[in-house]
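To start, the structure itself, in structure tokens.
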Amino acid sequence: MTTLSNPTVVVRDISKTYEIYNDGSTRSIFGRKKRQKVQALSNINFVASAGESIGILGQNGSGKSTLLSIIAGSEAPTTGEVRVSSAPTLLGVSAALQSKASGRENIRIGLLAMGVQPKEVEELVPRVLEWTELGEAADRALSTYSSGMRAKLKFGISTAVNREILLIDEALSTGDSTFAQKAQKKMDSLLNSSGTVFIVSHAPGVIEQHCSRVLWLHKGEIIGDGTPGYFGPKYHKWSRRVAHGNYEGAEELIQQFRDRYTPPLIITDSEAIKMLDS
């Protein structure tokens, strides 16, 4: 049995089931009867520690964003529990941003939406503007921004204040190579201060570039937990088989990883987080 030091996120036996009604909604309305259950996540177990950058890899619909939402606390699991050392920050300020407002105004809006105090907001605005390099575009409406400029703005706002746990959903897959390098330096700074970063993506290149560990999700299950250098090429191989219509070969590869993966048995108490060694 291993006692873990500096755990920041503990996910134990998480499952998530949605009930989908006949119009595709997950909300029940009087008189609506037809529905089916969709298993988004099944028996997810892992522990993240301070200083780790963890990529969550998987195809669309594999449960990546659902897992991130549960860690962030914006969704509740159907079963299981999540323990965090501090409130996670989800790089998801998009809902707060206003298309008719300028970049400068949106920085203020986004920081306030994240809970930053007004006095600190005014101190941070110039720093975010400098990092994003928006220039004269800072005073133009957000609706005029390219996808790359929006990505820089969202990332700059969300990382303006160091958080112990940062969750990033696909944002790094948008933007040029210069932005990717700046984002990497920003995350390195966070990790050096003993933070933990989660990055959700279906692009293995993003995970290999930015992460020290990868969780491979497939149809709501973890089928791999290890280094990006190992799982990145394996994911590429699986993706090529799918792209070429070799579904049998792709499923064989998935089954190999499913057979090899043993989820950790996590024991939590008031004093320590422990995992049974496999």
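Computed from a prediction, not measured in an experiment: that's the story for all the values here.
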- Message: I need the S212 OG to I54 CD1 distance, nearest 0.5 Å.
- Response: 7.0 Å
- Query: Is D225 reaching over with its side chain to a backbone N or O of L215, donor-acceptor style, under 3.5 angstrom?
  - Reply: no
- Would R241 and E248 pass as an ion pair if we require N to O under 4.0 Å? no
- CD1 on I199 to OG on S53, rounded to 0.5 Å: 6.5 Å
- Query: Is the backbone N or O of S69 less than 3.5 Å from a side-chain atom of S74, with the two atoms forming a donor-acceptor pair by type?
  - Reply: yes
- Query: Does the side chain of I222 reach to within under 4.5 Å of the side chain of L217, using non-hydrogen atoms?
  - Reply: yes
- Message: Check whether N106 reaches the backbone of S102 with its side chain - one donor and one acceptor, N or O, closer than 3.5 Å.
- Response: yes
- Query: Given the rule that I, L, V, M, F, W and Y join up when any side-chain heavy atoms are under 4.5 Å apart, are I109 and V125 in one cluster?
  - Reply: no
- Item | Contact check, side chains of W216 and I254, non-hydrogen atoms, under 4.5 Å | yes
- Message: Going by the rule salt bridge (Lys or Arg N to Asp or Glu O under 4.0 Å), which residues pair with E208 if we only count those two or more places apart in sequence or in a different chain?
- Response: none
- Note on the structure: One should read off an interatomic distance between I266 CD1 and F46 CZ, to the nearest 0.5 angstrom, of 8.5 Å
- Item | side-chain contact (heavy atoms from CB on, under 4.5 Å) evaluation trace for E251 with R258 | CA-CA 10 Å; E251 185 56 34; R258 188 180 282 123; 3.7 Å; yes
- residues 99-126 vs ring-ring contact (aromatic ring centres under 6.0 Å, His included), sequence neighbours excluded, gives none
- Query: Can any side-chain N or O of S15 pair as donor or acceptor with the backbone N or O of T79 at less than 3.5 Å?
  - Reply: no
- Item | Non-hydrogen atoms of F198 and A48 that approach each other most closely | CZ-CB, 3.6 Å
- Report the relative orientation of the aromatic rings in F257 and F231; use parallel for angles under 30°, tilted for 30 to 60°, perpendicular for over 60°. tilted
- Query: Of all heavy-atom pairs between V9 and V11, which one has the smallest distance, and what is that distance?
  - Reply: CG1-CG2, 3.9 Å
- Looking only at heavy atoms, what is the nearest atom pair of G63 and L41, with distance? O-CD2, 3.5 Å
- Query: So, does T196 use its side chain to make a donor-acceptor pair with the main chain of S49 at under 3.5 Å?
  - Reply: yes
- Query: Does the side chain of Q59 come within less than 4.5 Å of V242's, by heavy atoms?
  - Reply: no
- Query: K16 side chain to A76 main-chain N or O, any donor-acceptor pair under 3.5 Å?
  - Reply: yes
- Item | Flag side-chain contact, heavy atom, 4.5 Å: L253 against Q256 | yes
- Item | Inter-residue atom distance L124.CG - I157.CD1, 0.5 Å rounding | 11.0 Å
- Task: Enter the distance from I70:CD1 to I44:CD1 here, rounded to the nearest 0.5 Å.
- Result: 9.0 Å
- Going by heavy atoms in the side chains, are Y235 and V214 under 4.5 Å from each other? no
- Looking only at heavy atoms, which two atoms of I56 and K64 are closest? And how far apart? O-CD, 3.4 Å
- Message: So which atom in V47 and which in R213 form the shortest heavy-atom distance, rounded to 0.1 Å?
- Response: O-NH1, 2.8 Å
- Report yes if the side chains of K154 and L97 come closer than 4.5 Å at any heavy-atom pair, otherwise no. yes
- Item | Closest contact, heavy atoms only, P77 versus G80 | CG-O, 3.9 Å
- Can you find a heavy atom in the side chain of M149 that is under 4.5 Å from one in the side chain of L134? yes
- If we only count heavy atoms from C-beta on, is the Y261 to E221 side-chain gap below 4.5 Å? no
- Message: As an exercise, state the distance from CG of L265 to CG of D13, rounded to the nearest 0.5 Å.
- Response: 8.0 Å
- Salt-bridge present (E105, K100; N to O < 4.0 Å): no
- Item | Whether S99 side chain and L142 backbone form a donor-acceptor pair below 3.5 Å | no
- Query: Can you tell me if T132 uses its side chain to pair, donor with acceptor, with the backbone of L153 under 3.5 Å?
  - Reply: no
